[in-house]
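Along the sequence shown, the residues carry numbers beginning at 1. Whatever order the structure lists ligands and atoms in, that order sets their numbers, starting from 1. None of these values were measured; they are calculated from a predicted model.
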Amino acid sequence: MRIILIGFMSSGKTTIGKILANNLNYNFYDIDEIFEERFKISINNFFEKFGENKFRELEHYLLKKTLLEDNCVVSCGGGTPCFYDNIKLINESGMSIYLKLPQYDLLERLKKTKKKRPLIVDLSNEKLKEYIYENLNKREIYYNQARVIIDVKGILPQSFVVHLKELLEKQNLILPFKKE
Ligand code: S3P
């Protein structure tokens with residue numbers, strides 16, 4: 001069983017993914033982290049040196065490779081499902097979950113964390129607001145294809161994970177994790 005988290009930058013994919021994997025006793029994979037480790041370069045620097053197209057090509061390659069693993073939670077980058085038919089691959093590989101947040105919340109979060117994100121690092125807060133508006137609409141075409149869509153506004157990651165785990169267990173998608 002694989003659980004694949006998708007959603008806009010700063011929607012909580014990594015934070016929630018780590019807690020979820022821990023709770024399920026699954027391995028956790030973060031495509032951005034794998035990218036930086038594998039190519040020994042920060043995503044910011046990679047974009048600067050080689051551009052977005054090359055990034056998307058390698059991101060696709062790493063996603064395909066990672067989705068060969070089983071019993072894992074995979075956290076994608078914000079753009080991952082929107083290129084190379086990745087959303088199809090994601091849906092064929094496991095339980096995809098779109099972590100949905102309203103634009104306002106994304107804006108507040110991204111104002112504080114835009115430095116490490118090459119696509120928005122140079123934007124003023126006003127431009128950032130426009131960027132989110134334009135791109136969220138475009139990207140939701142892909143995000144909304146997830147098997148499960150969850151509104152994560154105001155939800156604490158820990159309690160979210162408890163609910164999600166219950167939901168998955170009820171539907172027999174994962175076996176309850178028994179402590180030894
Ligand atoms: C991107 C999101 C980033 C990272 C890269 C591109 C995007 O991941 O993959 O900067 O296109 O939205 P996070 O969603 O973890 O910020």
| said: Geometry only, no angles: is Phe47 polar-contacting ligand 1 at N/O separations under 3.5 Å? | reply: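 No, no N or O pair falls under 3.5 Å.
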| Quick check: does Thr14 get an N/O under 3.5 Å from an N/O on ligand 1? |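 Not met; the criterion fails.
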| For ligand 1, is any non-hydrogen atom under 4.0 Å from Arg56's backbone (N, CA, C, O), its side chain (CB onward), both, or neither? |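 The side chain, only.
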| query | Looking only at heavy atoms, is any part of Leu119 under 4.0 Å from ligand 1, and if so is it the side chain, the backbone, or both, or is it neither? | reply |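 Leu119 to ligand 1: side-chain contact only, backbone stays beyond 4.0 Å.
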[X] to ligand 1, any heavy atom closer than 4.0 Å:
| X | value |
| --- | --- |
| Lys13 | yes |
| Phe55 | yes |
| Glu52 | no |

Which of the numbered atoms in ligand 1 are below 4.0 angstrom from a heavy atom of [X]?
| X | result |
| --- | --- |
| Pro118 | 10 (O) |
| Arg139 | 7 (C), 11 (O), 12 (O) |
| Arg117 | 16 (O) |

| To the nearest 0.1 Å, how far is atom 2 (C) of ligand 1 from its closest protein heavy atom, and which atom is that? |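 The protein heavy atom lying closest is Gly78 N, 3.3 Å.
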Side chains of [X] and [Y]: donor-acceptor distance under 3.5 Å anywhere?
| X | Y | value |
| --- | --- | --- |
| Asn23 | Lys18 | no |
| Thr113 | Arg117 | yes |
| Tyr98 | Glu140 | yes |

| message | Between the side chains of Lys111 and Glu108, is the shortest nitrogen-to-carboxylate-oxygen separation below 4.0 Å, so that they form an ion pair? | response |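 Yes, this pair counts.
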| Should one rank Asn135, Ile6, Asp32, Thr113 by closest heavy-atom distance to atom 15 (O) of ligand 1, which comes out on top? |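 Looking at heavy atoms only, the winner is Asp32.
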Reported [atom1]-to-[atom2] distance for the pair [X] and [Y], which is rounded to 0.5 angstrom:
| X | Y | atom1 | atom2 | answer |
| --- | --- | --- | --- | --- |
| Phe39 | Asn45 | CZ | CG | 15.0 Å |
| Ile141 | Cys82 | CD1 | SG | 9.0 Å |
| Ile6 | Lys13 | CD1 | NZ | 9.0 Å |

| field | Validation row, ring centre Phe35 to ring centre Phe46 under 6.0 Å | value |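 Yes, close enough.
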